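Read the structure below first, then the notes.
This is a predicted model, so every value here is computed, not measured. Counting from 1, the numbers follow the sequence of the chain as shown.
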Amino acid sequence: MQNSLNKEANIVEFTSPVKNATDMIKGSAVSPMSKMGDLQKTVQITPIKTSNISVIKKDGTREEFDNNKIINAVKKSATRMLVELTDVELKEICDFVDNNVARMNKTEVTISDMHNLVEGALEHINPNVAHSYRNYRNYKQDFVHMLDKVYQESQRIMYIGDKENSNADSTLVSTKRSLIFNELNKELYKKFFLTVDELQAIRDGYIYIHDMSARRDTMNCCLFDVASVLKGGFEMGNLWYNEPKSLDVAFDVIGDIVMAAASQQYGGFTVAEVDKILAPYAEKTFERQNEKYLCLGLSFEKAREEAMKDVQKDFEQGFQGWEYKFNTVASSRGDYPFITVSAGLGTEEYEKMATLAMLKIRMNGQGKKECKKPVLFPKIVFLYDENIHGEGKISHDLFKAGIECSKKAMYPDWLSLSGEGYVASMYKKYGKVVSPMGCRAFLSPWYERGGMKPADENDSPIFVGRFNIGAISLHLPMIYAKAKKESKDFYEVLDYYMELIRKLHIRTYDYLGEMKASVNPLAYCEGGFLGGHLGIHDKIKPILKSATASFGITALNELQQLHNGKSLVEDGQFAIEVMEYINKKVNEFKEEDGNLYALYGTPAENLCGLQVKQFRKKFGVVANVSDKCYVSNSFHCHVSEDITPIEKQDCEKRFWDLMNGGKIQYVKYPLDYNTEAVETLVHRAMDMGFYEGVNLSLAYCDDCGHEELSMDVCPKCGSKNLTKIDRMNGYLSYSRVKGDSRLADHKMQEIADRKSM
């Protein structure tokens, strides 16, 4: 197209209704208008040369006027509206801008003036394209504000650090980079994924969308199918891995798989029944070593003895290697991946060896000889079956070893498979284990042939190889206070926010479904997820059928307090009523949408402090609701309740079956390593069907190695250079590292207030 500036004379006639594109031009051929929407005026434009005119950009820099940039910009706006502008239309736009710029009689024109002229021309040519152009301009203005916010946050992270995630060491350069990127990704999510109503709800604090920095890109917690990936070999990073032929290689390869796959998601990453996964490779090692010793002339009995010693050594070195790797190598997300392993059901020789070796390594700790302390990852979950681990049963020795380990390291946590409730029912009916994904998330059943419901009585559920696509939590006290303030029915207001969450989940399923399998090859192409044998260019939508999406709840204790001034210990009936109602609604949504929604007791870490600030901003300080710097997690009693462990177990049992999508129960064990007391409470929890955490407060002196259940100053050497391990929510975290805290102030206050937890 010939540039209109090269034409000596040309008359272009059209109309423009845009005030900003006309009134701003003094002496222009365009008649000024009193307001937007005035009657269109027909004008004649005589092109005038615009050489030697500069455009002042937003950043203050200057560049020569070039209407080819105008052409590119309006073409992009037209493309967004599925419109293709003709050469004649593009020429009319350029002529209009050229002439009006020239008639300003200026050597410099601001970029905003240029935009106004382009809008004026587009309003005549195609109002829809003008609207698209205007929106793009607004987006760019919004981006300026957004990037400024991200920059400010990046400066805070760079020089002060961040304590939102206790498993991310924000002093590290790699973590700082990740945190800064997360801030940008979070802002992009809010800008382009959320509606105005959803954005308002999260800004006010009525709902909380977890992990906004990652949920546009990938999925959440999972039960990764390591055994399926290993079987027959697999490809990772364009390199083919053969299936391991020995136990030591299996440990190395599984470690690589876990680190690579966990980096492509967020949330918990669980390797379920790891004892059964490792056992075949232990047998391979035994056979190889046994053959070697027989060839060396050892007797059958001696050869077996030496071969078993080698297997034992490989188990112990393998688990120690995992502890080193999982606690020192940060993922691409900038944190140490939340890795969990479950074990304990295997009763064969190598399976039991695996569990015992894992517990031994964890209990003994890592570090200098005189300063050993337990690590945080992987989290260990003991799968307890009374018929296997009870007194006199085949694996009672595993139970005893687990108790000793829990006393020294707080892990393992204990999952009942023979008590009451959902998880135990799946095990007792189908022989299938529902291991937790990370700290507390559980999958809803997905049946091999029937999907959400069993096709017939022979259909069986699948859990390993499945995952969650994200959690969004309801702030129940906020919703209750809003309903009372506006004289509305509480359940009417609750319905509104549940519908918001429902729509967000639906869009998330749709959005993630468009991702290609190449975003996580181990999961989607190499069998890590159910149905995960796709081509790298295939969309992952079919795999999302079996994925859950969580409705979370926080501060149930504060909801009860707001309702009638009583705690969950004192009452709790209204809280039960609300949870039953939410369960009913979630089940209705599940039936109507065909999605596996689940109800989740939210483990609020940073959120427990944020929600207090949000509540106070809207409704002020309310006694026993917002007068502390934190709210209660999930359905748990307030940490300051002065009740016994048994009373806490009984109190929280009322809510247990109402949150099958995510839950854990824990009590404080101020028992000074009292084995009988720990056994009694764990047995009781297993009978009640709990997923139980043994909660101590472990403290270690980094100078002399002295350890106690709780100390702030070493009584042996007087040092304050301590490492302290506390239960964060459903998981363990360092509350002090070399004397400094990795936790936010509100969480440290909650820890200080603990009596029953």
Side-chain angles (χ1 to χ4, degrees), residues 165-168 208-226 257-274 326 331 333 335-342 376-381 413 415 422-423 433-446 462-473 505 508-509 512 519-520 522-524 528-530 532 540 543-553 595-605 607 633-634 659-664 691 693 728-732:
N165 181 352
S166 61
N167 295 324
Y208 182 82
I209 303 173
H210 297 265
D211 303 292
M212 284 189 283
S213 62
R215 59 186 292 125
R216 285 193 322 130
D217 304 324
T218 185
M219 29 66 65
N220 194 8
C221 305
C222 73
L223 294 182
F224 198 83
D225 193 348
V226 170
I257 291 171
V258 169
M259 292 302 293
S263 295
Q264 311 308 319
Q265 62 163 89
Y266 61 99
F269 185 100
T270 294
V271 181
E273 299 191 77
V274 71
F326 297 159
S331 74
R333 304 179 318 207
D335 62 354
Y336 302 112
F338 197 122
I339 297 163
T340 298
V341 296
S342 63
L376 303 184
F377 298 114
K379 172 173 179 168
I380 301 173
V381 176
D413 288 340
L415 181 64
Y422 160 64
V423 172
V433 177
V434 194
S435 292
M437 301 182 295
C439 75
R440 69 171 66 197
F442 290 94
L443 288 162
S444 303
W446 179 265
I462 302 172
F463 296 101
V464 174
R466 293 176 49 217
F467 55 91
N468 181 281
I469 65 164
I472 306 175
S473 291
H505 281 326
T508 302
Y509 275 111
L512 291 178
V519 300
N520 191 344
L522 285 172
Y524 300 125
F529 288 162
L530 180 63
I540 66 171
I543 291 179
L544 296 184
K545 294 183 303 180
S546 64
T548 58
S550 299
F551 289 72
I553 65 98
N595 294 328
L596 277 176
Y597 301 132
L599 191 52
Y600 176 74
T602 302
E605 182 179 331
L607 180 58
N633 275 297
S634 184
M659 296 183 204
N660 287 332
K663 54 189 177 179
I664 189 171
Y691 169 38
M728 170 56 67
N729 296 306
Y731 50 97
L732 304 184

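- When all heavy atoms of Arg440 and Pro603 are compared, the closest pair comes out as NE-CB, 3.5 Å.
- For the pair Tyr524/Ile543, a side-chain contact is recorded, criterion being any heavy-atom separation below 4.5 Å from C-beta on.
- Atom-to-atom distance recorded for Leu599:CG and Lys663:NZ is 10.0 Å, nearest 0.5 angstrom.
- Of the residues listed (Leu415, Val464, Val423), the one engaging Val434 in a side-chain contact (heavy atoms from CB on, under 4.5 Å) is Val423, and it is the only one.
- Between Ile553 and Met659 the shortest side-chain heavy-atom distance falls below 4.5 Å.
- Summarising the geometry, atom CZ belonging to Arg216 is positioned 10.5 Å from atom CG belonging to Leu512; distances are rounded to the nearest 0.5 Å.
- With Phe377 as the fixed residue, the ring pair (Phe, Tyr, Trp, His ring centres under 6.0 Å) test singles out one of Phe269, Phe338, Tyr731: Phe338.
- For the pair Leu522 and Gln264, the minimum side-chain heavy-atom distance is 4.5 Å or more.
- Put simply, OG on Ser473 and NE2 on His210 are 2.5 Å apart, with the number rounded to the nearest 0.5 Å.
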- [ ] Quick one: do Trp446 and Leu530 satisfy side-chain contact (heavy atoms from CB on, under 4.5 Å)? Show the steps, please.
- [x] CA-CA 11 Å; Trp446 179 265; Leu530 180 63; 4.0 Å; yes
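- Residues Thr508 and Arg215 have side chains in contact (heavy-atom distance under 4.5 Å, counting atoms from C-beta outward).
- How far OG of Ser444 is from OH of Tyr597: 12.0 Å, rounded to the nearest 0.5 Å.
- Not less than 6.0 angstrom separates the ring centroid of Tyr422 from the ring centroid of Phe442.
- Separation of atoms CG (Leu596) and CD1 (Ile469) is listed at 10.0 Å; rounding is to 0.5 Å.
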Task: Leu376 vs Met728, side-chain contact (heavy atoms from CB on, under 4.5 Å): CA-CA, chis, key distance, verdict - done: CA-CA 11 Å; Leu376 303 184; Met728 170 56 67; over 6 Å; no
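- Distance alone, capped at 3.5 Å, places no donor-acceptor pair between the Thr270 side chain and the Leu223 backbone.
- Partners of Asp211 according to the side chain to side chain contact (heavy atoms under 4.5 Å, CB included) rule, which considers only residues two or more places apart in sequence or in another chain, are Tyr266.
- The heavy-atom pair separating Asp225 from Gly465 by the smallest distance is CB-CA, 4.1 Å.
- For the pair Arg466 (side chain) and Pro445 (backbone), a donor-acceptor distance under 3.5 Å is absent.
- A donor-acceptor pair under 3.5 Å links the side-chain atoms of Tyr509 to the main chain of Ala547, judged by distance alone.
- Between the side chain of Asp413 and the main chain of Val381, no donor-acceptor pair closer than 3.5 Å is present.
- Of the residues listed (Phe529, Phe467, Phe463), the one engaging Phe224 in a ring pair (Phe, Tyr, Trp, His ring centres under 6.0 Å) is Phe529, and it is the only one.
- To the nearest 0.5 Å, atoms SG (Cys222) and CD (Gln265) are separated by 4.0 Å.
- What you find for Ser634 and Gly601 is that their closest heavy atoms are OG-CA, 3.1 Å.
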Open item on the list: With side-chain contact (heavy atoms from CB on, under 4.5 Å) as the criterion, how do Thr602 and Tyr208 come out once you've worked through the C-alpha distance, each side chain's angles and the decisive distance to 0.1 Å?
Closed with: CA-CA 10 Å; Thr602 302; Tyr208 182 82; over 6 Å; no
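- With no hydrogens or angles considered, a side-chain donor-acceptor pair links Ser550 and Asn468 at under 3.5 Å.
- Of all non-hydrogen atoms in Tyr600 and Gly662, the two that sit nearest each other are CD1-CA, 3.6 Å.
- Side-chain contact between Lys379 and Leu732 is absent, with no heavy-atom pair separated by less than 4.5 Å.
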- [ ] Dump the intermediate steps for side-chain contact (heavy atoms from CB on, under 4.5 Å) on Met259 and Phe326, then the final yes or no.
- [x] CA-CA 8 Å; Met259 292 302 293; Phe326 297 159; 3.7 Å; yes
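- Between Gly661 and Ala598, the closest heavy-atom pair is CA-CB, 3.7 Å.
- When side chains are defined from C-beta on, Met219 does not count as touching Leu544, because their heavy atoms never get closer than 4.5 Å.
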